[in-house]
There are 2 protein chains.
Amino acid sequence: MNGRYSYDGLDRILHEKARLGLLTCLASHPEGLLFNDLKELCNLTDGNLSRHLQVLQQNQIVEIFKSFEQKRPQTLCRISVEGRERFLAYIGELQKVLLDAETTSQRQNSSQALPPGWVPA
Amino acid sequence: MNGRYSYDGLDRILHEKARLGLLTCLASHPEGLLFNDLKELCNLTDGNLSRHLQVLQQNQIVEIFKSFEQKRPQTLCRISVEGRERFLAYIGELQKVLLDAETTSQRQNSSQALPPGWVPA
DNA sequence: CTACTTACTTTGCGATGTAAAGTGTCTGAA
DNA sequence: TTCAGACACTTTACATCGCAAAGTAAGTAG
């Protein structure tokens, strides 16, 4: 059996600070969001956002659309059906982590009271 | 103001699949755990575990102790007081993510019905 | 004395995330 | 009409990171 605390369901693609923010954001806005909206909502730089969207698109987690609005290029980003599924599965695993974390024993070890024979490394 | 979805509280050191497992595990076992217990609980290879513990120790998140039990070296690992604080703060931020994720709109976009003028990238 | 096990540590390297630089188009001023 | 600057991204370069594989050291069995 796999380790109780291995959390294999934590999809590497989604388990990334920036991308986790992006996906959470996109999941709450199923109609899609523009590049600049995403940039500000997730507090990312242009290059950063571009790169992460590329990764998400290549993994079929988001769909990217282009157009020209008022003579300027615009990028619209939308979470895909598959992306939503993967995101929900990921979130489910996160809930497991939180559940495990809540069972954290309250008693503190206070950096002392170690059986003899142990020396700090 | 920072982006609504930037999740700055997601401490990079803790926001790592393996280390998140390790910390969750260690937080639930404040008396500490042996190298091999951790290895199995978190389903990690020796090298992997060694490396992550080193990172966690250098960041004062865990304390490492050595001893010889039955003529074999033993490594005991325990979450530090500071480590527990950082872990709880991290978990708090995770809860925010889950809360945001739950507000996910149910209506699906079904990969269609896009305003005209948009073309797939 | 040799091979094997245990308990890790170190090394090497490919993959990843990010800042900085670059590209292309449009707009307004000189 | 030319040049600077804004806008909307994309590409590049690099340093960091995670991980598997190899290495170390000490004890044990044959």
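These numbers come from a predicted model, not from an experiment. These values consider heavy atoms only, across backbone and side chains, with no hydrogens, waters or symmetry-generated copies. Lettering follows sequence order; numbering is per chain, from 1.
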Practice item. Apply the test side chain to side chain contact (heavy atoms under 4.5 Å, CB included) to residues B:Asp8 and A:Lys17: give CA-CA distance (whole Å), side-chain angles for both, the deciding distance (0.1 Å), then the verdict. Key: CA-CA 8 Å; B:Asp8 296 332; A:Lys17 215 163 119 77; 4.3 Å; yes
**Study point:** Any donor-acceptor N/O pair, B:Ser6 side chain to A:Cys42 backbone, under 3.5 Å
**Key:** no
Review point. Would you say the side chain of B:Ile13 lies within less than 4.5 Å of the side chain of B:Arg86, judging by non-hydrogen atoms?
Key: yes
Study note, to complete from the structure: Taken to the nearest whole Å, CD/B:Gln57 to C1'/C:dT9 is 13 Å
Check your understanding: Does A:Asn59 reach the main-chain N or O of A:Ile61 with its side chain, forming a donor-acceptor pair under 3.5 Å?
Key -> no
Review point. What nucleic acid atoms does B:Gln74 come within less than 4.0 Å of, heavy atoms only: base, sugar-phosphate, or nothing?
Key: sugar-phosphate
Review point. Under a 4.5 Å cut-off applied to non-hydrogen side-chain atoms, are B:Leu33 and B:Leu26 in contact?
Key: yes
Check your understanding: Atom CD of A:Glu16 to atom P of C:dG17: distance rounded to whole Å?
Key -> 5 Å
Revision key, fill the gap. A:Asn48 CG to C:dA19 C1', in whole Å, measures 8 Å
Practice item. May I ask you to evaluate whether B:Asn36 reaches the phosphate of C:dA7, defined as a side-chain N or O under 4.0 Å from OP1 or OP2? Key: yes
Exercise for review: Name the residue closer to the 5' end of DNA chain C, choosing between A:Lys71 and A:Arg12 according to the nucleotide with the nearest heavy atom.
Suggested key: A:Arg12
**Study point:** For atom CZ of A:Arg51 and atom C1' of C:dT16, their distance in whole Å
**Key:** 7 Å
Review point. Axis-to-axis angle across the helix from C:dC1-D:dG30 to C:dA30-D:dT1, five pairs an end, to 10 degrees?
Key: 30°
Check your understanding: Does the side chain of A:Leu10 reach to within under 4.5 Å of the side chain of A:Tyr90, using non-hydrogen atoms?
Key -> yes
Exercise for review: Answer with base, sugar-phosphate or nothing: what part of the nucleic acid does A:Thr45 contact at a heavy-atom distance below 4.0 Å?
Suggested key: sugar-phosphate
Check your understanding: Please give, in whole Å, the distance from C:dA19 P to A:His52 NE2?
Key -> 9 Å
Review point. Could you give the CZ-to-C1' distance, from B:Phe68 to C:dC8, as a whole number of Å?
Key: 11 Å
**Study point:** Minimum-distance nucleotide (side-chain atoms of B:Asp46 versus C:dT10, C:dT27, C:dC8)
**Key:** C:dC8
Point to revise | Check: B:Trp118 and A:Ile64 side chains under 4.5 Å, non-hydrogen atoms | key: no
Check your understanding: Which part of the nucleic acid does A:Lys66 contact within heavy-atom distance under 4.0 Å: base, sugar-phosphate only, or nothing?
Key -> sugar-phosphate
**Study point:** Separation of atom CZ in B:Arg72 from atom P in C:dT5, rounded to whole Å
**Key:** 12 Å
Check your understanding: Can you check whether A:Pro73's main-chain N or O pairs, donor with acceptor, with A:Lys66's side chain at less than 3.5 Å?
Key -> no
Revision key, fill the gap. Of B:Ala18 and A:Leu49, the one whose nearest nucleotide on DNA chain D sits closer to the 5' end is A:Leu49
Review point. Who are the salt bridge (charged side-chain N to carboxylate O under 4.0 Å, His left out) partners of A:Lys39, not counting sequence neighbours?
Key: A:Asp46
Revision key, fill the gap. Counted 5' to 3', the first and last nucleotides of DNA chain D within 4.0 Å (strictly under) of a heavy-atom of chain B are D:dG18 to D:dG27
Point to revise | Gap between atom NZ of A:Lys96 and atom CG of A:Asp100 - 0.5 Å precision | key: 9.0 Å
Review point. Whole-Å distance between C:dG17 C1' and A:Leu56 CG?
Key: 13 Å
